[in-house]
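These notes concern the structure reproduced below.
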Amino acid sequence: MNAVITGATKGIGFAIAQKFVEKGFSVAICSRNEDDLAKAKVELLNINGDITVLTFKADVSIKSDVVSFARFCLKGFEKIDILVNNAGVFFPGMIMEEEEGALEKMIETNLYSAYHMSRQIIPSMQKIKSGYVINMASIASFMAYPNGGSYSISKFALKGFSQVLREELKEDGIKVTTIMPGATWSNSWAGADFPKSRLMQARDIAESVWSIFEMSPSAVVEEVIIRPQLGDL
Ligand SMILES: NC(=O)c1ccc[n+]([C@@H]2O[C@H](COP(=O)([O-])OP(=O)(O)OC[C@H]3O[C@@H](n4cnc5c(N)ncnc54)[C@H](OP(=O)(O)O)[C@@H]3O)[C@@H](O)[C@H]2O)c1
């Protein structure tokens, strides 16, 4: 079985890669940093030396990079069982105050990447009438909050994309899930003045992805909302 995960050298994406590797999946991962990719590969193979780890340097905010990564995955794997559109960036700010270009950057990275990746990979799933697409949205996909700014716009749009895909792929035997996590410990939270335990751990999101993946072919979890036990920050 094979999984493709975008933005999987750190945080939630890497935790999902770890989980699937533990379960015997081969994985293809991308990010913008070669050194991080090499390090992630070693760590994943340390968990399970019997699988394949394919790595590819890509900036998913650039369409041609997304297409190249997708083609690399289709060439490397006979079939793709699950695609996780995870890569995303968060630049906090308010619409009226954020830097010029913030909207474009986050739409390109958080939305267009998932759109182009899905359009490349899903035809291979349609051929075999089986597959799974996970889109990593956010509570910012349904709830506006201070400093959410264009990040929230991009994640609202990603949720919309995911819902459309779900409707379109029902008859193809392909499941689509929108995951909407709240605050999850990752590099972007480093330096924050509260304990790590106040936030969810990337592993929690990975466990949730695995548990919904395991369901019988007749059931799909369309949406997952997962928050820190003490609520939003
Ligand atoms: N952490 C949270 O609180 C939280 C909450 C809700 C939703 N999410 C969503 O969950 C996803 C993962 O977030 P995270 O917190 O785990 O992030 P993270 O720890 O910053 O990791 C992001 C991963 O994506 C890669 N990446 C970022 N931009 C990329 C690009 N343009 N092209 C290719 N790879 C790229 C990063 O590697 P490079 O930087 O080296 O490219 C890294 O491997 C995002 O979509 C985020 O919006 C996070």
Side-chain angles (χ1 to χ4, degrees), residues 4-19 27-41 43-44 55-70 72-73 83-92 102 104-117 134-143 145 147-159 161-162 177-192 194 196 198-206 208-209 223-228 231-233:
V4 172
I5 308 158
T6 64
T9 54
K10 294 174 208 152
I12 294 171
F14 184 59
I16 294 171
Q18 286 176 305
K19 185 74 202 178
V27 292
I29 61 173
C30 74
S31 86
R32 293 167 295 183
N33 184 299
E34 294 268 21
D35 292 343
D36 288 348
L37 284 164
K39 194 169 153 262
K41 181 171 180 166
E43 285 185 41
L44 292 170
T55 62
F56 192 91
K57 185 180 171 201
D59 180 342
V60 300
S61 68
I62 302 168
K63 181 180 174 183
S64 57
D65 274 23
V66 176
V67 172
S68 300
F69 176 52
F72 168 81
C73 297
L83 164 65
V84 185
N85 289 314
N86 167 76
V89 284
F90 171 52
F91 309 136
E104 288 85 341
K105 197 66 198 163
M106 285 189 276
I107 291 279
E108 284 160 3
T109 311
N110 302 351
L111 174 69
Y112 291 170
S113 61
Y115 173 85
H116 295 309
M117 197 66 196
I134 301 269
N135 293 306
M136 197 55 64
S138 167
I139 55 149
S141 293
F142 61 87
M143 196 182 80
Y145 59 87
N147 263 344
S150 287
Y151 177 74
S152 204
I153 299 175
S154 73
K155 291 291 183 180
F156 263 78
L158 180 66
K159 178 172 181 251
F161 160 75
S162 195
T177 300
T178 314
I179 311 259
M180 291 172 277
T184 308
W185 189 263
S186 71
N187 283 352
S188 44
W189 290 96
F194 38 76
K196 202 173 171 183
R198 175 65 179 81
L199 277 67
M200 293 183 287
Q201 307 306 308
R203 186 83 191 169
D204 295 320
I205 314 304
S208 150
V209 170
E223 294 185 348
V224 175
I225 295 173
I226 174 166
R227 282 190 154 101
D232 294 328
L233 282 153

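Start at 1 and go down the list; that is how both ligands and their atoms are numbered. Throughout, numbering of the chain's residues begins at 1 and tracks the sequence.
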query = Do any N or O atoms from the side chain of Thr184 and from the backbone of Met200 form a donor-acceptor pair under 3.5 angstrom?
reply =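 Side chain of Thr184 to backbone of Met200, a donor-acceptor pair under 3.5 Å: no, none is there.
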query = Counting only heavy atoms not in Phe156, do more than 12 sit closer than 6.0 Å to its CZ atom?
reply =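 For Phe156, atom CZ is crowded (more than 12 foreign heavy atoms under 6.0 Å).
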request  = Apply the test side-chain contact (heavy atoms from CB on, under 4.5 Å) to residues Lys57 and Asn33: give CA-CA distance (whole Å), side-chain angles for both, the deciding distance (0.1 Å), then the verdict.
outcome  = CA-CA 6 Å; Lys57 185 180 171 201; Asn33 184 299; over 6 Å; no
Give me the pairs of N or O atoms, one from ligand 1 and one from the protein, that sit under 3.5 Å apart.
residue	atom	partner	partner atom	Å
ligand 1	1 (N)	Thr184	O	3.0
ligand 1	3 (O)	Thr184	N	2.8
ligand 1	3 (O)	Thr184	O	3.3
ligand 1	3 (O)	Trp189	NE1	3.0
ligand 1	15 (O)	Ser186	OG	3.0
ligand 1	16 (O)	Ile12	N	2.7
ligand 1	24 (O)	Gly7	O	3.4
ligand 1	28 (N)	Arg32	NH2	3.3
ligand 1	31 (N)	Asp59	OD1	2.9
ligand 1	32 (N)	Ala58	O	3.4
ligand 1	32 (N)	Val60	N	2.8
ligand 1	39 (O)	Arg32	NH2	2.8
ligand 1	41 (O)	Arg32	N	2.9
ligand 1	41 (O)	Arg32	NE	2.7
ligand 1	43 (O)	Thr9	N	3.1
ligand 1	43 (O)	Thr9	OG1	2.7
ligand 1	43 (O)	Lys10	N	3.3
ligand 1	45 (O)	Asn86	O	2.7
ligand 1	45 (O)	Lys155	NZ	2.9
ligand 1	47 (O)	Tyr151	OH	2.6
ligand 1	47 (O)	Lys155	NZ	3.0

task = For residues Leu233 and Phe194, determine if any side-chain heavy atom of one lies less than 4.5 Å from a side-chain heavy atom of the other.
result =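 Leu233 reaches Phe194 side chain to side chain.
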inquiry  = Taking the side chain as everything from C-beta on, heavy atoms only, tell me whether Met136 gets closer than 4.5 Å to Pro181.
reply    =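 Met136 vs Pro181: side chains touch.
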Closest heavy-atom pair and its distance - Phe90, Tyr145 =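 It is CE1-OH, 4.1 Å.
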